[in-house]
Every structure is written in C-alpha cells, then in structure tokens.
Engineer: 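What follows is a structure written as structure tokens; I'll ask about it next.
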Amino acid sequence: DSGVTQTPKHLITATGQRVTLRCSPRSGDLSVYWYQQSLDQGLQFLIHYYNGEERAKGNILERFSAQQFPDLHSELNLSSLELGDSALYFCASSKGGSAYNEQFFGPGTRLTVL
Amino acid sequence: QQQVKQSPQSLIVQKGGISIINCAYENTAFDYFPWYQQFPGKGPALLIAIRPDVSEKKEGRFTISFNKSAKQFSLHIMDSQPGDSATYFCAAQGGSGGGADGLTFGKGTHLIIQP
C-alpha cells in the first residue's frame, strides 16, 4: 500500500459526459501528479500540482482540468468524454516538486466510456 | 515523439536466470532515471533509481547500469524468481522543468519468469 488513495476504483459512463476523479496524497506530500495509462499510449504524464499551484502540464487535453485543494487532495475533471478517454488514471504523490523525489502511485481509477 | 524507448516488449526468463531490460533516451536534460514495477490491478511502484553521476547502482538482486554517452540505461534482475513476473517501466525526469514535469515512461516490458 503506497498510502495514496484514489476514488472511485471504477467508473463507467457515456460519451459526452463529465466525471471527476479524486486523489488523496500520502501524509506530508505536497506534490500530486496525474497520469493516464492506456494500451496504445502507455503511461503518460498529464499535470502536476505542488502545494495548490499548477507546476507543469504534460499531454493533457483541453477537455481535462485539475486542481489541488488546501487539504492537498486533488481532483481531475474530464469532460465531453470520448471513447478514446477510456483508460486507467493514476495519481502519484511526492514530498517535493522536483526530480529525485520518489513518486508514490495510487491504485488508479479505471474509466470506461461507452 | 517517444522520448524513452524500451525493449524488449516482452521477456520470458527461466527461474534463476538474469532478466535484462534496456532503455534509451533522447533528451540530454533528463537527470533522474527510475525503474517502476507494476503488477496487474496495481499502480506502478518504484524499484530502483539512478542519477547520471554514477554508472551503476545495485539494490539486492536489482542493478541499473547507466551509459551517459550512449544515452542508455538498463535493468538487470539477477536470480530471477516467479514473483518478479510483472510489467517493468523505465522512466526519465528532469529537463527544462527541473523535475516539475512528470515522469516520461517507456512503453513497458512484460516479464514472465518460468518456474
């Protein structure tokens, strides 16, 4: 158990809908990273928040957004969902906001868009 | 553009043998190279990591070899055990973002250790 929690575990929804994925980092970790894992694209970095502020964006679509709240939990919002958005979404947390800080991954949320 | 190339895609090794997975990167600004292990239904977990100021790092049965001039690094699993059967990902971080950017992952290697 990494200490990172993600809810829900599974999510099934329809095209065009909007969903929110939630992540609670390990106690004391200030950074939250979001990743998408799919069969064709592999593991891809989406976005990084550090202590409530956006630090970096990766391959995140404009339909997707995220935020980190004062209690350091983070939410990833996915809107206007398409079939191709079906994937595993992981969040990872780390103490600092730079390289060399080990990232601890949560168990993921499996999103299925029908 | 795939910045971290990983091979092989799949690997079958006999119990007790050596498993070797290779990765090559393009961005010379990367300065942190971790390996992650992922079991089905779980998130990736850090196995071992190296920085480019050393050429080798060993932790138990796991060794990373790093060749900065060739921009390549590899994972060696000695005395491979059935419990090592998993998907392994190499990754890289650093670059212009100084680590603010997330990890750039290879495509993964599905390792099977046959008893």
Side-chain angles (χ1 to χ4, degrees), chain A residues 1-6 9-10 21 23-26 30-51 53-60 66 74 76 87-110, chain B residues 1-10 21 23 25 27-54 57 59 64 66 86-110:
Chain A
D1 184 2
S2 67
V4 178
T5 59
Q6 288 188 248
K9 270 191 172 180
H10 302 277
L21 313 183
C23 169
S24 293
R26 294 187 323 151
L30 299 178
S31 272
V32 170
Y33 297 82
W34 285 97
Y35 294 88
Q36 180 193 60
Q37 185 174 36
S38 62
L39 279 174
D40 54 344
Q41 296 294 327
L43 264 165
Q44 288 204 82
F45 164 62
L46 296 178
I47 196 164
H48 171 206
Y49 274 83
Y50 176 77
N51 203 20
E53 303 218 347
E54 182 187 304
R55 287 291 307 275
K57 276 185 172 179
N59 298 315
I60 189 166
S74 179
L76 180 66
L88 263 170
Y89 291 84
F90 289 104
C91 74
S93 74
S94 70
K95 276 198 173 2
S98 63
Y100 322 138
N101 286 286
E102 178 178 353
Q103 292 184 29
F104 294 85
F105 281 73
T109 293
R110 182 173 293 280
Chain B
Q1 181 189 5
Q2 187 183 352
Q3 294 197 57
V4 179
K5 293 184 179 178
Q6 182 172 348
S7 62
Q9 210 170 0
S10 61
I21 305 170
C23 283
Y25 62 97
N27 187 345
T28 54
F30 286 144
D31 58 4
Y32 174 65
F33 301 90
W35 284 88
Y36 279 79
Q37 179 188 55
Q38 185 179 27
F39 292 104
K42 304 287 187 184
L46 180 67
L47 199 58
I48 186 173
I50 197 168
R51 289 166 58 175
D53 50 348
V54 297
K57 183 174 181 180
E59 288 183 3
I64 299 179
F66 186 83
T87 301
Y88 292 80
F89 294 93
C90 62
Q93 191 180 27
S96 58
D101 291 337
L103 295 162
T104 299
F105 284 92
K107 292 286 192 184
T109 296
H110 183 48

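Everything quoted here is computed from the prediction, not taken from an experiment. Excluded from the calculations below are hydrogen atoms, water molecules and symmetry mates; all remaining heavy atoms, backbone and side chain alike, are included. Throughout, protein chains are lettered first and strands after them, A, B, ... in sequence-line order, and every chain is numbered starting at 1.
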Engineer: Looking only at non-hydrogen atoms, find the nearest pair between B:Y32 and A:E102 and report the distance.
Structural biologist: OH-CA, 4.3 Å
Engineer: Find the distance between OG1 (B:T104) and CZ (A:F45) and round it off to the nearest 0.5 Å.
Structural biologist: 8.5 Å
Engineer: Are there over 12 heavy-atom neighbours, none belonging to B:Q9, within less than 6.0 Å of that residue's CD?
Structural biologist: no
Engineer: Rounded to the nearest 0.5 Å, what separates atom CG in B:D101 from atom CZ in A:R55?
Structural biologist: 9.5 Å
Engineer: More than 12 heavy atoms of other residues, nucleotides or ligands under 6.0 Å from CZ of A:R26: yes or no?
Structural biologist: yes
Engineer: Which one wins on heavy-atom pair count under 4.5 Å against chain B: A:F104, A:Y35, A:Y50?
Structural biologist: A:Y35
Engineer: Any chance you could measure B:L103, atom CG, to A:Q44, atom CD, to the nearest 0.5 Å?
Structural biologist: 13.0 Å
Engineer: Where does B:F89 contact chain A at under 4.5 Å (heavy atoms): side chain, backbone, both or neither?
Structural biologist: side chain
Engineer: Please output the residues of residues 39-49 of chain B in contact with chain A, using a heavy-atom cutoff of under 4.5 Å, in numerical order.
Structural biologist: B:G41, B:K42, B:G43, B:P44, B:L46
Engineer: Side chain, backbone, both or neither: which part of A:N59 has an atom under 4.5 Å from a heavy atom of chain B?
Structural biologist: neither
Engineer: How long is the straight-line distance from NZ of B:K107 back to CG of A:L43, given to the nearest 0.5 Å?
Structural biologist: 10.0 Å
Engineer: Give the minimum heavy-atom separation between B:Y36 and A:Q103, together with the two atoms involved.
Structural biologist: OH-O, 3.1 Å
